[in-house]
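Take a look at the structure below.
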Number of protein chains: 2
Amino acid sequence: MSSIIDKKMNAKTRSFEKTRQTLNVTGLRVTNQRALIMDIIRQGDEHLDADEVYRRARAKQPRLSLSTVYRTLQALKKVGLVEEVHIDETRHYYEIKPPTEHHHLVCLECGRVVEFQYPLARLIKRKVIEAKDFEITGSEIRMTGYCPSCRQKRK
Amino acid sequence: MSSIIDKKMNAKTRSFEKTRQTLNVTGLRVTNQRALIMDIIRQGDEHLDADEVYRRARAKQPRLSLSTVYRTLQALKKVGLVEEVHIDETRHYYEIKPPTEHHHLVCLECGRVVEFQYPLARLIKRKVIEAKDFEITGSEIRMTGYCPSCRQKRK
DNA sequence: TACTAGATGCAAATGAGTAGCATTATTGAT
DNA sequence: ATCAATAATGCTACTCATTTGCATCTAGTA
């Protein structure tokens, strides 16, 4: 039975279904809005802010409201499915919680964001935990500077 | 002549004068408002947000406006005299640009902020520069977690 | 001392994020 | 499959940090 369904499903539907599965185990109710929002973040190659998620989501579900986007983002963050990143100071961005730790490098000129890997956790966490006796739940490195092409232009 | 003045000056006046000197070399005009604001940040042991700076400043100069605080903070940041730190997501905090690199550890429960030293620059910058060819101008680590006393309470 | 660009004060605007509340939809039990 | 309980949604109105426009003032300089 599910094989028939499988054959009918295109790539998009399948991704959507997978998202529903994922949501299901979190205890959150599985609504179309949530599945859609999460799907958008999963598909989104860049970091998306609430408004961009909203714009993309409305293309599919015009009645969806911005509050729902905000609330869903908070909910997904709380259950650990998405991560909130602080790339610039004016808004929050979201990405699917990544399996490998990475951080962000922001060009002050053009705003381009480059990710870089760095095992901050392993190196620093232990020291900080020992020294300050904190229980660490999250860590983020944000570096700012100028990307190659902008550096060129400035000269 | 200056010796007479020196004798008349109390600690506060002296700090204020020092601040004027500092401002003078930046090319920024030395106004009472700016000297006062910078002085407040210098004296402030904690991290201050714009509103707290405003409150403290008005005690001395009641006519000073909040816009001036914001504009001054931006100006001081631009010339590199103060640093903007992103401890929580709702507002910006400011501190005198420190000689030794340090970062912040925020308790998610009580909001307490603990600084910790870590030579991020030396360790990571080189790698990032090599790998991504960025020119790095600033870096910030923000770790979140639970401080000892809040951890206690949670149990 | 007079000029002038840069700084200030005030008030109004902006914009991200939140909250209240009536309506709707999901889920677990019947 | 139906239904009640309750979580989620869609509005709209709000909050609150930060910004902006503009008339006025003032520090630095000729």
Phosphate oxygens OP1/OP2 of [N]: is one of them under 4.0 Å from a side-chain N or O of [X]?
X	N	answer
A:His92	C:dG17	yes
A:Tyr70	C:dT18	no
B:Arg34	C:dA7	yes
B:Thr68	C:dG9	yes
B:Gln33	D:dT26	no

Per [X] side chain, nearest of listed nucleotides [options]:
X	options	answer
B:Leu64	C:dT8, D:dT9, C:dG9	C:dG9
A:Arg29	D:dT6, C:dA16, D:dT18	D:dT6
A:Val30	C:dT27, C:dA11, D:dA8	C:dT27

Whole-Å distance between [N] [atom2] and [X] [atom1]?
X	N	atom1	atom2	result
B:Glu84	D:dT18	CD	C1'	11 Å
A:Leu73	D:dT9	CG	C1'	15 Å
B:Arg71	D:dC22	CZ	C1'	10 Å

Under 4.0 Å between any heavy atoms, over every strand shown, what does B:Leu66 touch: base, sugar-phosphate, or nothing? Just pick one.
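Touches a base.
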At 4.0 Å (heavy atoms only), tell me whether A:Thr31 reaches a base, stays on the sugar-phosphate, or touches nothing.
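The residue A:Thr31 makes sugar-phosphate contact but no base contact.
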Tell me the ring pair (Phe, Tyr, Trp, His ring centres under 6.0 Å) pairs involving residues 38-76 of chain B, sequence neighbours left out?
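For residues 38-76 of chain B: B:His47-B:His104.
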Find which nucleotide of DNA chain D each of A:Gly27 and B:Asp49 is nearest to by heavy atoms, and output the residue with the more 5' nucleotide.
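By nearest-heavy-atom nucleotide position, the 5'-most residue is A:Gly27.
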Residues that A:Lys77 engages under side-chain hydrogen bond (donor to acceptor under 3.5 Å, both in side chains), provided they are two or more places apart:
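Result, side-chain hydrogen bond (donor to acceptor under 3.5 Å, both in side chains) vs A:Lys77: A:Glu84.
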Kindly compute the distance separating CG (A:Leu66) from CZ (A:Arg71), expressed to the nearest 0.5 Å.
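With rounding to 0.5 Å, CG (A:Leu66) is 10.0 Å from CZ (A:Arg71).
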